[in-house]
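Since the structure comes first, as structure tokens, the remarks are kept for the end.
Every value quoted in this text rests on a predicted model; they were computed, and no experiment measured them. No hydrogens, no waters, no symmetry mates; every other heavy atom, side chains included, goes into these values. We count ligands from 1, going down the list as the structure has it; atoms in each ligand are counted the same way.
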Amino acid sequence: MLKGKNIILGISGGIAAYKSVTLLRLLVKAGAEVQVVITPNGKEFITPVTLSSLSGRPVVSEFFSANTGEWHSHVSLGVWADAMIVAPATASTLAKMASGVADNMLVTTYLSARCPVFVAPAMDLDMMAHPTTARNLATLRADGVHVIEPEVGELASHLVGRGRMEEPEKIAAVLDDFFSEKQTLAGKKVLISAGPTYERIDPVRFIGNFSTGKMGYAIAEEAASRGAEVTLVSGPTALKTSHAGIRVVDVESAAEMLAACRAAFDTADIAIMAAAVADYAPAHPFDHKIKRETDGIDTIELVKNPDIAATLGAMKRSNQRLVGFALETDDAVAHGRDKMARKNLDMIVVNSLADAGAGFGTDTNKITILTNGGGEYVFPLKPKREVAVDIMDHIERI
Ligand code: C5P
């Protein structure tokens with residue numbers, strides 16, 4: 001999909017600039033025309049000769065050419081491009097982009113770009129975690145810039161944390177997806193569980209939880225919008241979906257949810273278990289309303305519910321992908337990894353009740369994606385609709 005596309009590759013001054021050479025090579029190999037715009041600091045990390053040799057175009061860095069005195073027009077570049085990707089985007093470049101400090105060709109070009117703009121941040125973990133950086137990224141997002149989240153891993157400082165630039169192959173894939181007009185999940189069947197389960201104590205009482213189903217429904221909408229045929233097995237929620245690609249199977253209890261999920265799993269390519277399934281159910285539900293005077297119970301005997309995700313994990317074929325969720329209150333990542341292994345999942349989405357705005361009932365969520373290949377991706381607080389996009393993007397890559 002990158003064939004014939006005009007792409008501006010902005011490179012700012014970070015050690016991850018060495019990866020931009022690979023990114024440039026991948027974009028050129030895919031048939032894109034790439035114009036490199038590099039900041040003065042970027043040139044300290046990577047030489048323009050390497051970049052111009054690979055792109056087949058002189059690298060733009062200064063406002064004026066020292067030899068000819070010629071002025072480089074950022075305006076014509078901004079009009080020429082189908083997309084602009086800034087990789088690496090340092091804290092300083094992000095700050096300048098967010099506030100419009102156009103003191104170099106890269107930011108000036110950004111300000112005149114009419115095309116979609118992507119940034120792949122790369123910096124030290126403390127700079128990444130600084131509220132200033134978070135604020136600048138939030139501003140850029142609000143301005144419509146696509147942020148390709150950095151990974152957690154070892155940094156140039158040898159410290160381990162969030163701030164590693166996403167790998168060039170993945171950045172190229174993000175751009176490719178963006179230009180792809182085809183529906184990336186066309187012909188795929190996706191099974192999604194959502195909402196709480198209700199475990200009956202008697203005809204009027206149940207054991208349940210505070211899940212609203214918002215996250216699972218948002219994922220269902222996103223998968224359907226990518227052309228998937230979605231089966232949404234939903235516990236009791238107040239939500240509705242009108243997407244033609246979504247078939248809703250309403251269930252109440254964990255046992256019903258298991259039966260519906262098992263039935264749909266066989267033909268599913270991807271299964272995403274976003275439901276908050278009750279761990280226990282009353283062993284002997286009453287068939288009449290329990291009366292204080294005559295029934296006189298003060299304990300309810302419970303039995304363990306089946307683990308739906310683990311059941312599907314045991315049935316999983318090698319061409320199927322199974323994704324779970326883990327809502328944790330402490331040590332979220334370690335518990336998430338443990339669950340992923342125990343349930344034979346390919347990916348797990350971890351969120352913590354300790355994060356404000358994350359978890360049940362909110363319209364936002366703050367997630368970390370863990371993949372069974374060892375990947376760990378931390379995302380900022382976002383609307384659940386956008387979180388669903390991040391989740392589906394990652395599922396498509398595993
Ligand atoms: O073990 P825990 O309940 O935290 O695991 C959460 C993940 O497992 C979620 O994906 C959830 O939908 C799934 N799960 C399940 N059946 C259960 C319990 C959890 O499918 N009985």
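- E221 has no carboxylate O lying under 4.0 Å from a charged side-chain N of R385, or vice versa, which leaves the two without a salt bridge.
- Within the 3.5 Å criterion, the main-chain N or O of G374 finds a donor-acceptor partner in the side chain of R337.
- With respect to the salt-bridge test (charged N to carboxylate O, under 4.0 angstrom), the residues E62 and K43 qualify.
- Screening residues 306-328 for salt bridge (Lys or Arg N to Asp or Glu O under 4.0 Å), with sequence neighbours left out, gives D266-R317, D307-K343, K316-D346, E328-K339.
- By the 4.5 Å heavy-atom criterion applied to side chains, T371 and M340 are not counted as neighbours.
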Report every pair formed by an N or O atom of ligand 1 and a protein N or O atom separated by less than 3.5 Å, giving atom names and the distance to 0.1 Å.
{"from": "ligand 1", "atom 1": "1 (O)", "to": "K343", "atom 2": "NZ", "distance (Å)": "2.9"}
{"from": "ligand 1", "atom 1": "4 (O)", "to": "K339", "atom 2": "NZ", "distance (Å)": "2.5"}
{"from": "ligand 1", "atom 1": "5 (O)", "to": "K343", "atom 2": "NZ", "distance (Å)": "2.8"}
{"from": "ligand 1", "atom 1": "8 (O)", "to": "K343", "atom 2": "NZ", "distance (Å)": "2.9"}
{"from": "ligand 1", "atom 1": "10 (O)", "to": "M273", "atom 2": "O", "distance (Å)": "2.7"}
{"from": "ligand 1", "atom 1": "10 (O)", "to": "F325", "atom 2": "N", "distance (Å)": "2.8"}
{"from": "ligand 1", "atom 1": "10 (O)", "to": "F325", "atom 2": "O", "distance (Å)": "3.4"}
{"from": "ligand 1", "atom 1": "12 (O)", "to": "M273", "atom 2": "O", "distance (Å)": "3.3"}
{"from": "ligand 1", "atom 1": "12 (O)", "to": "A275", "atom 2": "O", "distance (Å)": "2.7"}
{"from": "ligand 1", "atom 1": "16 (N)", "to": "I308", "atom 2": "N", "distance (Å)": "2.9"}
{"from": "ligand 1", "atom 1": "20 (O)", "to": "I308", "atom 2": "N", "distance (Å)": "3.4"}
{"from": "ligand 1", "atom 1": "20 (O)", "to": "A309", "atom 2": "N", "distance (Å)": "2.8"}
{"from": "ligand 1", "atom 1": "21 (N)", "to": "P306", "atom 2": "O", "distance (Å)": "2.8"}

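- Not a single donor-acceptor pair under 3.5 Å links the side chain of S52 to the backbone N or O of V59.
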